[in-house]
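Here is the structure we will look at, set down as structure tokens.
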Amino acid sequence: MLEIQQLRTDLENVTSNLAKRGYIFPSNAFNTLEAERKTFQTRTQELQARRNKASKQIGYAKSKGEDATTILAEVAQLGDELKQAENKLETIQSNLQKILLEVPNLPHHSVPEGKSEEDNQEIRRWGEPRSFDFDVRDHVSIGEALGLLDFETAAKLSGARFSLMKGGLARLHRALTQFMLDIHTEEHGYIETYVPYLVNQDSLRGTGQLPKFGADLFAVSAGDKHGSENDNSPNFHLIPTAEVPITNMVRDEIVPLKSLPMKFVAHTPCFRSEAGSYGRDTRGLIRQHQFDKVELVHIVHPEQSYDALEQLVGHAETILQKLALPYRVLTLCTGDMGFSATKTYDIEVWLPAQKTYREISSCSNCEAFQARRMQARFRNEKDKPELLHTLNGSGLAVGRTLVAILENYQNADGSVSIPEILKPYMNGLDQLRITGGE
RNA sequence: GGAGAGAUGGCCGAGUGGUCGAAGGCGCUCCCCUGCUAAGGGAGUAUGGGGUUUAUAGCCUCAUCGAGGGUUCGAAUCCCUCUCUCUCCGCCA
């Protein structure tokens, strides 16, 4: 959420900055509502002040045993007028709020302007893509040939965009999450957390998924409620990312200055309905309704947030370096950034079968955008509450990392080597082989 | 799932219709006293809005005692709904 003050005083600038990311701010509607808001707020408050004063007089008179009928009659007439003004004001405020909640964050000045992913800016590459002396296969054929990856059964169990892993592959998946958690907690100073996978609407509003992106989520309600006639709105949503529960830990909190920066990591499954992406990545593990991710969240002093963003990307990169997977880092352009971000770095890992880099991590600074929605604050140097800055990034998407390993570590005989650093997590296993496929 | 108790400022806690945005204590800040420490004395100490203003100052004002609604001229206090916490029983990994 943007600061409403900023919209009042600097509307033109805000509008043009939002336009850079392809968002047309409804200035006319906003201005009209603002003007109305001002009149009705003033009127309401005047009436309230009169009522409060009169009521106090009544109380005073009664305590002295005096007669208060004159004042009573006077104040009784205020009632209707006040109620009307209050109702009108409430409607206006909620309409304003509706507009505000749907406005994306303003891009940072260092973000390149652009319309789509074509305009993202590559800022560095790491690692040499390996050259193969045989025909590379994609992770689906590799996994299926090994007998360890089974989309058919997954479809029977749940439908499209679900996966089933077995044996060494399932273990490799688990090994990856353990490995990532270990690095982030032991080398990067994150606090490991275990968080709810079902969250309430306040949390989703806090991080920006609601009200605008409800269609991308899975809603869950308890027991029989589903079929019953009173169609209550759902109690819970499945988390689309651990960013939601972790960041919302500080919702409605005022944390002490000395507790900053806060750095949390969590491994969770993520659930996304992937509405609106029907044609894309239908094959394989790339785009699933359920996938695992190790998520990093920073909650920091506003002056530190851009430093924190660089650290955050670095932490995600470390994982790929330790796995010896080639990647590149991009600054997303204004048109390709997510709703809550002022600046985002994407990390893309090399996938030899597609001969291209594919997104494996996204690291964003949200500045105070989420904090304002959440009322997440700290006590600043002057002991006054001030909004925090929040950042989040994948460190990394586990399924996509698994894809990258299968493809980059594949061998001519169909086996897949285990990256050196993961061997301790694999009980010494050094290859996934066809015979080893249980 | 059943029965009961509760939710008040940074914390503890008083307050059951009227000068209550809220006693008292603790904590914290500043000042005084003090050789140091301890003790003592004094003052201050919630948040979010709106209006006015060049203004982060000041002034005026509104809202907030778990959340939302209601009764009333007036609600922390009465009524309804919800959420959460605790205790006991049941069930459960």
Side-chain angles (χ1 to χ4, degrees), chain A residues 1-10 30-31 33-97 100-101 194 196-206 221-225 228 230-237 245 248-260 302-303 368 371-388:
Chain A
M1 199 159 69
L2 301 179
E3 204 180 352
I4 192 159
Q5 298 288 359
Q6 202 180 357
L7 287 160
R8 287 186 189 134
T9 56
D10 198 20
F30 176 79
N31 281 329
L33 278 170
E34 253 300 290
E36 284 186 55
R37 190 223 94 227
K38 199 161 165 176
T39 10
F40 278 94
Q41 185 155 3
T42 318
R43 185 177 305 170
T44 305
Q45 292 191 354
E46 253 169 46
L47 291 168
Q48 284 171 330
R50 270 204 268 162
R51 181 205 59 195
N52 288 349
K53 202 170 271 179
S55 294
K56 259 187 186 166
Q57 281 171 3
I58 295 169
Y60 186 64
K62 287 212 166 165
S63 73
K64 288 179 134 187
E66 290 168 7
D67 178 58
T69 42
T70 351
I71 320 174
L72 264 167
E74 236 177 77
V75 100
Q77 301 197 319
L78 248 61
D80 271 355
E81 206 184 335
L82 179 60
K83 193 156 271 180
Q84 268 182 22
E86 278 175 341
N87 288 341
K88 178 83 183 176
L89 179 64
E90 198 181 320
T91 314
I92 295 166
Q93 297 278 36
S94 91
N95 286 338
L96 270 171
Q97 191 69 1
L100 284 177
L101 281 172
Y194 172 83
Y197 303 158
L198 296 172
V199 293
N200 59 32
Q201 301 197 14
D202 287 342
S203 295
L204 289 157
R205 200 174 307 111
S221 51
D224 295 336
K225 274 191 177 172
S228 77
N230 43 344
D231 75 335
N232 292 327
S233 55
N235 295 331
F236 297 115
H237 286 87
N248 273 281
M249 288 196 294
V250 290
R251 171 156 53 83
D252 294 319
E253 300 287 335
I254 302 175
V255 304
L257 182 63
K258 60 173 184 283
S259 69
L260 301 178
E303 284 165 17
R372 190 169 294 111
R373 292 172 160 248
M374 291 191 296
Q375 282 305 300
R377 294 169 293 175
F378 69 105
R379 239 169 241 290
N380 66 18
E381 292 78 355
K382 289 178 191 157
D383 218 33
K384 288 287 165 208
E386 184 180 337
L387 292 171
L388 289 156

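Bear in mind the structure is a predicted one, so any value in this text is a computation, not a measurement. Lettering follows sequence order; numbering is per chain, from 1.
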Using a heavy-atom cut-off of 4.0 Å across all strands, would you classify [X] as base, sugar-phosphate, or nothing?
X        : result
A:Arg372 : nothing
A:Pro256 : nothing
A:Lys56  : sugar-phosphate
A:Gln5   : sugar-phosphate
A:Ala49  : sugar-phosphate

Please report the interatomic distance CZ(A:Arg51) to CG(A:Leu78), rounded to the nearest 0.5 Å.
8.5 Å

Can you tell me how far [atom1] in [N] sits from the matching atom in [M], rounded to whole Å?
N      : M      : atom1 : result
B:rU54 : B:rU71 : C1'   : 47 Å
B:rA14 : B:rC26 : C1'   : 15 Å
B:rG68 : B:rG15 : P     : 25 Å
B:rC65 : B:rG9  : P     : 10 Å
B:rG27 : B:rC79 : P     : 38 Å
B:rG58 : B:rG41 : C1'   : 32 Å

Measure from the side-chain heavy atoms of [X] and tell me the nearest of [options].
X       : options                : value
A:Gln45 : B:rG49, B:rG69, B:rG18 : B:rG49
A:Lys38 : B:rC73, B:rU52, B:rC62 : B:rU52
A:Arg37 : B:rU47, B:rG50, B:rA63 : B:rG50

State whether [X] places a side-chain N or O below 4.0 Å from either non-bridging phosphate oxygen (OP1 or OP2) of [N].
X       : N      : value
A:Arg43 : B:rG50 : no
A:Arg8  : B:rG50 : yes
A:Asn52 : B:rG74 : no
A:Arg51 : B:rG18 : no

Watson-Crick or G-U wobble partner of B:rG74, both distances under 3.5 Å
none

pair_partner(B:rG27), Watson-Crick or wobble, both distances < 3.5 Å, evaluates to B:rU45

Hey, is the side chain of A:Glu46 pairing donor to acceptor with the base of B:rG51 inside 3.5 Å?
no

Counting only N and O atoms by type, is there a donor-acceptor contact under 3.5 Å from the side chain of A:Asn380 to the main-chain atoms of A:Glu386?
no

Taking A:Arg205 first and then A:Asp202, would you say they form a salt bridge - that is, a charged N and a carboxylate O separated by under 4.0 Å?
yes

Do A:Arg37 and A:Glu34 sit within salt-bridge range, that is, some charged N less than 4.0 Å from a carboxylate O?
yes

